[in-house]
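Notes to accompany the following structure.
Just so it is clear, the structure is predicted and the values come from calculations on it, not from any experiment. Atoms considered below: every heavy atom in the structure, side chains included; atoms not considered: hydrogens, waters and symmetry mates.
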Amino acid sequence: MSNQEHDLKVIVFQLVNKEYAVPVQNVQSIEKVMHITRVPGVPAYVRGVINLRGVVTPIIDLRKRFSLEETVESEHTRIIIITIDGLNVGLIVDSANDVLDLSKDSIEPQPQVVGSIETDFISGVAKIGRRLLILLQLDKVLENAA
């Protein structure tokens, strides 16, 4: 049995004061914030598009997507470029922290958090020591975005 059946490699990032994780296989790159061109007629959480090495890539502001308070971008703000079903989309996050291996045993199903909009976007929660990582369901986060 290979390790892959047990472990999930994830990129960890922060939004407000929570840590989120997305599978590393969906992550193309992590970029510094660059000029984002606004696009009319898109949902409010779609910040616009960037030209990333010749590929026009829509950018989603995850704070807006999750109805969190907005903030001023800092030198830690990053755009995580995600590929899902052949589409590239960028997610604006407060900071991208690290890459971790999660064992399948550390992942629990999504808790029933009452009144939290982000519950629609969560596939599970992983506990690592004192850290709690919220695993995002990318297809739901990106729904209607591109």
Side-chain angles (χ1 to χ4, degrees), residues 4-34 36-53 55-74 76-146:
Q4 311 241 278
E5 292 172 280
H6 296 297
D7 291 337
L8 176 64
K9 200 181 245 335
V10 295
I11 300 266
V12 178
F13 64 88
Q14 278 196 299
L15 269 186
V16 192
N17 50 8
K18 291 184 186 166
E19 288 190 299
Y20 295 82
V22 290
V24 105
Q25 77 254 20
N26 292 110
V27 176
Q28 288 300 307
S29 62
I30 297 174
E31 309 287 335
K32 291 192 169 181
V33 175
M34 55 192 81
I36 299 172
T37 305
R38 291 221 173 267
V39 179
V42 294
Y45 57 82
V46 178
R47 182 77 73 82
V49 296
I50 60 172
N51 182 338
L52 185 66
R53 295 181 273 287
V55 178
V56 175
T57 306
I59 301 299
I60 292 177
D61 186 330
L62 272 189
R63 280 179 173 253
K64 274 192 179 153
R65 185 68 168 126
F66 295 163
S67 301
L68 300 169
E69 66 189 73
E70 291 182 50
T71 186
V72 178
E73 290 165 3
S74 74
H76 300 292
T77 305
R78 293 291 179 268
I79 298 176
I80 299 179
I81 306 297
I82 301 284
T83 300
I84 188 163
D85 299 331
L87 270 176
N88 278 1
V89 178
L91 306 175
I92 298 179
V93 302
D94 294 351
S95 63
N97 301 359
D98 40 22
V99 178
L100 291 175
D101 285 308
L102 301 180
S103 73
K104 290 262 190 276
D105 305 340
S106 70
I107 300 171
E108 298 174 10
Q110 169 203 325
Q112 295 306 310
V113 183
V114 180
S116 169
I117 190 151
E118 63 199 4
T119 53
D120 297 344
F121 306 121
I122 296 173
S123 64
V125 176
K127 291 185 179 130
I128 303 169
R130 304 181 93 157
R131 293 169 82 177
L132 193 63
L133 303 180
I134 299 166
L135 304 175
L136 288 187
Q137 204 165 333
L138 287 173
D139 51 347
K140 288 273 195 274
V141 173
L142 303 183
E143 230 170 37
N144 311 324

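Checking side-chain atoms of D94 against main-chain N and O of V16 turns up a donor-acceptor pair under 3.5 Å. S29 places no side-chain N or O within donor-acceptor distance of the main-chain N or O of E31, the cut-off being under 3.5 Å.
Here the side chains of L138 and P23 are in contact, with some heavy-atom distance below 4.5 Å. Under the 4.5 Å side-chain criterion, counting only non-hydrogen atoms from C-beta, R78 is in contact with K32. V22 is not listed as a side-chain neighbour of V141, based on a closest heavy-atom distance of 4.5 Å or more. Residues R63 and L15 form a side-chain contact, since some pair of their non-hydrogen atoms from C-beta on lies under 4.5 Å apart. With a 4.5 Å cut-off on side-chain heavy atoms, I79 and L52 do not count as touching. With contacts defined as side-chain heavy-atom distances shorter than 4.5 Å, the pair E143/Q137 does not qualify. At a threshold of 4.5 Å between non-hydrogen side-chain atoms, the residues I122 and L135 do not count as touching.
Checking D7 against S103 by side-chain atom types alone, no donor-acceptor pair falls below 3.5 Å.
Remark: K140 pairs with no residue by the salt bridge (charged side-chain N to carboxylate O under 4.0 Å, His left out) rule, at least two apart or across chains. Applying the salt bridge (charged side-chain N to carboxylate O under 4.0 Å, His left out) test to R38 and every residue at least two apart in sequence or in another chain returns nothing.
Closest of all the heavy-atom pairs between R65 and I60 is CB-CG2, 4.2 Å. Between P58 and V49 the shortest heavy-atom distance is CA-CG1, 3.9 Å. Scanning both residues, V39 and V42, for their nearest heavy atoms gives O-CG2, 3.3 Å. When every heavy atom of L8 is checked against every heavy atom of K104, the shortest pair comes out as CB-NZ, 4.4 Å.
Here I81 contributes atom CD1 and I50 contributes atom CD1; the two are 4.5 Å apart, rounded to the nearest 0.5 Å. Remark: I84 CD1 to Q28 CD distance equals 12.0 Å, nearest 0.5 Å. How far CG of L102 is from CD1 of I128: 4.5 Å, rounded to the nearest 0.5 Å. To the nearest 0.5 Å, atom CG of residue L142 and atom CZ of residue F121 are 9.5 Å apart. The distance from the OG1 atom of T71 to the CD1 atom of I92 is 11.5 Å, given to the nearest 0.5 Å. Here the NZ-CG distance, from K9 to D101, works out to 3.5 Å after rounding to the nearest 0.5 Å.
The aromatic ring centroids of Y20 and F66 lie less than 6.0 Å from each other.
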### Task
Verify side chain to side chain contact (heavy atoms under 4.5 Å, CB included) between V27 and I80, making sure each step is shown before the conclusion.
CA-CA 7 Å; V27 176; I80 299 179; 3.9 Å; yes

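Environment of CG in D85: sparse, with no more than 12 heavy atoms of neighbouring residues, nucleotides or ligands closer than 6.0 Å.
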